[in-house]
Amino acid sequence: MGFTITEKIFSKHCKRDCSAGEVVMAPVDGCMIHDITGPLAINVFHEMEGEKVFDPDKVIMLFDHQIPADSISAAENHVMMRKFAKEQGIHNYDIKEGVCHQVVPEKGRVKPGDIVVGSDSHTCAYGALGAFSTGIGSTDMAYALKFGELYFRIPDTIKIEAFGKFQSRVGPKDLILNLAGDIGADGATYRALEFTGSAFSDMDIPGRMTCSNMAIEMGAKAGIVPPDKKTWDYLKGRCECTPFSLSSDSDAEFFEVKSYDIGEINPKVAVPHNVDNVVDVSEVAGRHIDQVFIGSCTNGRYEDFLEAAEVLGDDKFADDVRVIIVPASKDEYLKVLKAGLIEKFVDAGALVEAPCCGPCMGGAFGLLAPGEVSLSTSNRNFRGRQGSTESFVYLSSPATAAASAVKGKITDPREV
Ligand SMILES: CC(C)[C@H](C(=O)O)[C@@H](O)C(=O)O
Ligand code: SF4
């Protein structure tokens, strides 16, 4: 019997053959902490009488959720984390780089075959680069910071095979929303998703990041795309690594295999208040929206803004819609800026903010009043996620978000 990618990654780290279901103590290659969960992890680290982190070069610290500090308590958290970084010799990206899940890959802090943990649920995003990366709680993080290893139950794997070509103005976000609708918010709980087939090998790294990012929205521990030339090309100049092949064996045992023809997928939207409440955009077309957010670790990259700009064309955003655009990182911001897209969006009536999580989880700014409706390219639409518990959040692709922002109501991007 062969091994899945996940089993291979754990086998390599544990220096013996490991299979799904086993509980192992495995060394980690990286630990990511940010401004929300970092302080909790650091407090527990001190309670555990932690003195030095296991390897300061393997700890990634940055601030993204509440930046620039939006409250005195946020500012205090930043001060506390800066102090910890200095004491420990950890490089702190602080408020300067953007959202954790964009910055970690961008800075070459993750590579294929790695085990990376982050005290944030969307840490599964780095599966796009062929790593086993997963979100953990702050107590687990304290342990990982101190000892550089952690207990894992090796998950079994649901293999997703996707083939075909997307229709025009349909893309990775529609695919992953379609999967969330099909598998359900708890349909992959404690399993790994493996994304395979020509649809994923044809997909660029940003598209893969969108898909891996949302693995957790089905309960999955990881969402892994087997590394290929695109992966290694992306990593060139970001980290020192020599390409190797990593894929599941043909006789590996999967919990389930699911196949999709992506040509059959229409633009999708997740309807309040669950990520798996997914329908074709056409089913809710015409619904009024008050705010559109294009950004987040799911869809805050240059390619996402280009998609939105193409749909926008020479139009303007509707007068009664607030459009908030937030690139996911400094690098992505600069790409969008240099391509002239910022000017285009501002001219069309949008607010463009500096890289951060923005309105994604109703933190720093862009909160909704009772009764208000948001269409967002982020990954969660739970009740109260972006403000009032009486507000409504729909999730979509950047193309659907832009089309809807132009029309002032939910709109199929193929009709603009
Ligand atoms: C604040 C953080 C713990 C949280 C997460 O873990 O995902 C946030 O990033 C989110 O998207 O809900
Ligand atoms: S952008 Fe949203 S989903 Fe991503 S880390 Fe920030 S709050 Fe979480």
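Counting convention: from 1, in listed order, for ligands and their atoms alike.
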Discussion item. Could you tell me, atom by atom, which parts of ligand 2 come under 4.0 Å of a heavy atom of C360?
Written reply: 1 (S), 2 (Fe), 3 (S), 7 (S)

Discussion item. Tell me the protein heavy atom at minimum distance from atom 2 (C) of ligand 1, and give that distance in Å.
Written reply: D120 OD2, 3.4 Å

Worksheet entry | Polar contact flag for N379 and ligand 1 (N/O pairs, less than 3.5 Å) | no

Worksheet item: Within C100, is some N, O or S atom less than 2.8 Å away from atom 4 (Fe) of ligand 2?
Response: no

Discussion item. Under 4.0 Å from a heavy atom of M361: which atoms of ligand 1 are those, numbered in the order shown and with their elements?
Written reply: 1 (C), 8 (C), 10 (C), 12 (O)

Practice prompt. Please test D35 against D64 for side-chain contact (heavy atoms from CB on, under 4.5 Å), starting from the C-alpha separation and ending with a verdict.
Written response: CA-CA 7 Å; D35 51 337; D64 53 1; 3.2 Å; yes

Item to complete: Run the salt-bridge test on D174 and K268 with the 4.0 Å N-O cut-off and return the result as yes or no.
Response: no

Worksheet item: Less than 4.0 Å between a side-chain N and a carboxylate O, is that true for E97 and K107?
Response: yes

Practice prompt. Find all atoms of ligand 1 within a distance of less than 4.0 Å from any non-hydrogen atom belonging to R380, and give their numbers and elements.
Written response: 7 (O), 10 (C), 11 (O), 12 (O)

Fill in: Those residues that, when tested against S73, pass side chain to side chain donor-acceptor pair (under 3.5 Å) (two or more places apart)
S71

Worksheet item: For R385, is at least one N or O under 3.5 Å away from an N or O on ligand 1?
Response: yes

Worksheet item: Looking only at protein heavy atoms, which one is nearest to atom 4 (Fe) of ligand 2, and how far off is it?
Response: C297 SG, 2.3 Å

Worksheet item: Does K111 come within less than 4.0 Å of D29, counting only side-chain N to carboxylate O?
Response: no

Practice prompt. For the residue pair Y143 and F147, categorise the inter-ring angle as parallel (less than 30°), tilted (30 to 60°) or perpendicular (more than 60°).
Written response: tilted

Item to complete: Would you mind listing which atoms of ligand 2 come within a distance below 4.0 Å of any non-hydrogen atom of R385?
Response: 2 (Fe), 3 (S), 7 (S)

Item to complete: Run the numbers for me: atoms of ligand 2, each under 4.0 Å from some heavy atom of N379, listed by number.
Response: 3 (S)

Discussion item. Could you go through D228 and R208, starting from their C-alpha distance and side-chain angles, then the distance that decides it, and tell me whether this counts as salt bridge (Lys or Arg N to Asp or Glu O under 4.0 Å)?
Written reply: CA-CA 12 Å; D228 60 7; R208 295 178 188 180; 2.7 Å; yes

Worksheet, complete the sentence: ligand 2 to M361, heavy atom cutoff 4.0 Å, flagged ligand atoms 7 (S)

Worksheet item: Using 4.0 Å as the upper bound for N to carboxylate O, is an ion pair formed by D304 and K173?
Response: no

Fill in: Proximity winner for atom 6 (Fe) of ligand 2, if only heavy atoms of G135, C357, G98, S121 are counted
C357

Worksheet, complete the sentence: among protein heavy atoms, the one nearest atom 1 (C) of ligand 1 is H65 NE2, 3.5 Å

Practice prompt. Check each heavy atom of H101 against ligand 2 and say whether those closer than 4.0 Å belong to the side chain, the backbone, both or neither.
Written response: side chain

Discussion item. Tell me whether T37 has any N or O atom under 3.5 angstrom from an N or O of ligand 1.
Written reply: no

Fill in: Proximity flag D64 to ligand 2, non-hydrogen atoms under 4.0 Å
no

Practice prompt. List every atom of ligand 1 that sits less than 4.0 Å from any heavy atom of I36, numbering the atoms from 1 in the order shown and giving each element.
Written response: 1 (C)

Fill in: Which of the ligand 2 atoms, numbered from 1, are nearer than 4.0 Å to a heavy atom of H65
5 (S), 6 (Fe), 7 (S), 8 (Fe)

Worksheet item: Do R322 and E372 meet the salt-bridge criterion of a basic N to acidic O distance under 4.0 Å?
Response: yes

Practice prompt. Determine, for Y190 and R153, whether the Lys NZ or Arg CZ falls below 6.0 Å from the six-membered ring centre while staying within 45 degrees of the axis.
Written response: yes

Worksheet item: Side chain, backbone, both or neither: which part of D120 comes within less than 4.0 Å of ligand 2 when only heavy atoms are counted?
Response: side chain

Item to complete: Can you pull out the closest protein heavy atom to atom 7 (O) of ligand 1? Residue, atom name and distance to 0.1 Å, please.
Response: S121 OG, 2.5 Å

Discussion item. I'd like to know if D94 pairs up with K96 as an ion pair, taking the criterion as any Lys NZ or Arg NE/NH1/NH2 lying under 4.0 Å from an Asp or Glu carboxylate oxygen.
Written reply: no

Worksheet item: Is any side-chain N of the basic residue among D347 and K316 closer than 4.0 Å to the acidic one's carboxylate O?
Response: yes

